[in-house]
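A note on names: the letters A, B, ... follow the listed sequences, proteins ahead of strands, and every chain is numbered from 1. The structure presented is a predicted model; accordingly, all values stated were derived computationally and were not measured.
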Protein chains: 2
Amino acid sequence: MKKDKLLKVGLKSTAPRIKILHMLEKANPRHVSAENIYKKLLGTGEDIALATVYRVLLQFEQARLIIRHNFEEGRSVFELAEGAHHDHLVCIQCHMVAEFVDAEIEKRQVKIAMQAGFKMTDHHLTIYGVCQQCHQIQT
Amino acid sequence: MKKDKLLKVGLKSTAPRIKILHMLEKANPRHVSAENIYKKLLGTGEDIALATVYRVLLQFEQARLIIRHNFEEGRSVFELAEGAHHDHLVCIQCHMVAEFVDAEIEKRQVKIAMQAGFKMTDHHLTIYGVCQQCHQIQT
DNA sequence: GTCCGTGCAAAGGATTTGCATAATC
DNA sequence: GATTATGCAAATCCTTTGCACGGAC
C-alpha cells in the first residue's frame, strides 16, 4: 500500500504524494523528469502544481524512495529506488535510458577511490550514444 | 602561440579569447567554471562580460579546445582538452577534481555499449566522495 | 486544534540571446 | 569595408521559496 510506504518514511499520506508515487511506480520508461510527471498528472485530470511535484520529489529523494540523476542534459531525472545499484546508457537523440551493471567495473572503482585516498560516497558511470532504434531510423 | 591556436580552429584572434584561453591553460585546479574564469579575469583588471565568457567557452568546446563536464552540481566546469580521455574523482565537499584512467574499465564500457546496440559517442565515469584532505580536517 | 502540505506567484541561479557598437581580417 | 565579436540588459530554462489557505493526524 502506497499510504504505508509513505508513513514508513515519515511522510504524511496526502493525495499529491500518493499520485506522484504511483506515477513513479508505473513509469515507463523508468526514468522521468519533474516536468514529465507534472504533464502526465495533468493528462489524467489531476491538478497538482509543478512546485509540488518538485517538493515531493525532493522529499522522496531524501527518504531514499527515489534516485535523482543529472545526466548531461541540464535537467534532473528520477527513478524509483528498487533493486541494486546500476549504471546507465543514455541515447543522445531520444533520451532513452537503459541500465546495466558490471561487477568488474564496480570492483575497480572501489580500488581507484581507495588508491586516491577518497572515501567514496557514490559513483556514476554513464555511456552516451545513439540507441539501435534511433540509428536504424536514420539509415 | 595562442593566436595561431585560435586561427587554426577557425576563430578570430580577439583579446577576450586569448585571455580566456590563457586562463584555461594556466588554470590550477585544471577544472574551472565560467564564473571562476570571469572572476579571475576581473581580478587581473580585465573587463570581459560574463556573457562573453560563456560564448567563448561554448566556441572553444565546439572547436574541441576544451571539454565541458556537468557533474552533479548544477553548473558546468571546463578543462583544457589535452592528453587522453580520462575519468574523474570529485570531492563533494571542496569540489576538488582528480583524474584517472583504467584500461580495463574502458574496454568493458565498449563491450557493454556494443551489447546494448548503442553507437557510443561518449562516456563519463565519475566517482564522488570525500577527498583525503577534507576527511582529515573533520577528524 | 496544531502542524504540515499545497497552490500560486514571485524569486533564484546558471546560461543564452537580441541589439547596437566595436574590433578583426 | 564586410563580417564577426563584444558588452549590456533582458530573456530563458529549470528549480526553489514565501505566503496564505486547506488538509492530515
CG of Leu11(B) versus C1' of dT24(C): gap in Å, rounded?
13 Å

Nearest-neighbour nucleotide for the Ala51(B) side chain, dT17(C), dT16(D), dT6(C) considered
dT17(C)

Please state how far atom CZ in Arg68(A) lies from atom P in dT16(D), giving the value in whole angstrom units.
5 Å

Describe, in one word, how the ring planes of His85(B) and His123(B) are oriented to each other, choosing from parallel (under 30°), tilted (30 to 60°) and perpendicular (over 60°).
tilted

Residues that Glu104(A) engages under salt bridge (charged side-chain N to carboxylate O under 4.0 Å, His left out), provided they are two or more places apart:
Lys107(A), Arg108(A)

Reckon Leu6(B) touches a base, only the sugar-phosphate, or nothing at all at heavy-atom distances under 4.0 Å?
nothing

Could you pull out all donor-acceptor pairs under 3.5 Å where a side-chain atom in residues 40-51 of chain B meets a protein atom, sequence neighbours excluded?
from     : atom 1 : to       : atom 2 : distance (Å)
Thr44(B) : OG1    : Leu41(B) : O      : 2.9
Glu46(B) : OE1    : Lys19(B) : NZ     : 3.0

So what does Ser76(B) touch, heavy atoms closer than 4.0 Å: a base, only the sugar-phosphate, or nothing?
sugar-phosphate

Length of the CD1-P vector between Ile48(A) and dG22(D), whole Å:
18 Å

Side-chain contact check for Ala34(B): nearest option of dC8(C), dC14(D), dT15(C) is dT15(C)

Taking the inter-plane angle between the rings of His124(A) and His69(A) on a 0 to 90° scale, is it parallel (under 30°), tilted (30 to 60°) or perpendicular (over 60°)?
perpendicular

Taking atom P of dG5(C) as reference, at what distance in whole Å does atom CG of Leu50(A) sit?
19 Å

Tell me: CG of Asp4(B) to C1' of dC25(C), nearest whole Å?
15 Å

Are Tyr54(B) and dT15(C) close enough that a side-chain N or O sits under 4.0 Å from OP1 or OP2?
yes

Atom-pair distance (CD on Gln59(A); P on dT15(D)), nearest Å:
16 Å

Got Lys5(A) and Leu65(A) here, is their nearest side-chain heavy-atom distance under 4.5 Å?
yes

Measuring from the side chain of Arg75(A) (C-beta onward, heavy atoms only), which nucleotide among dA14(C), dG7(C), dT15(D) has the closest atom?
dT15(D)

Under 4.0 Å between any heavy atoms, over every strand shown, what does Leu57(B) touch: base, sugar-phosphate, or nothing? Just pick one.
nothing

Does one side chain, of His135(A) or Gln93(A), offer a donor that lies under 3.5 Å from an acceptor on the other?
no

To the nearest angstrom, the CG-C1' distance between Leu7(A) and dA24(D) comes to 10 Å

How many whole angstroms separate atom CD1 of Ile37(A) from atom C1' of dC14(D)?
15 Å

Here the residues of residues 12-22 of chain A within 4.0 Å heavy-atom distance, strictly under, of DNA chain C are Lys12(A), Thr14(A), Pro16(A), Arg17(A)

Among dT16(D), dA14(C), dG7(D), which nucleotide has an atom closest to any side-chain atom of Arg55(B)?
dG7(D)

Is the Phe71(B) ring parallel, tilted or perpendicular to the Tyr128(B) ring (thresholds 30°, 60°)?
perpendicular

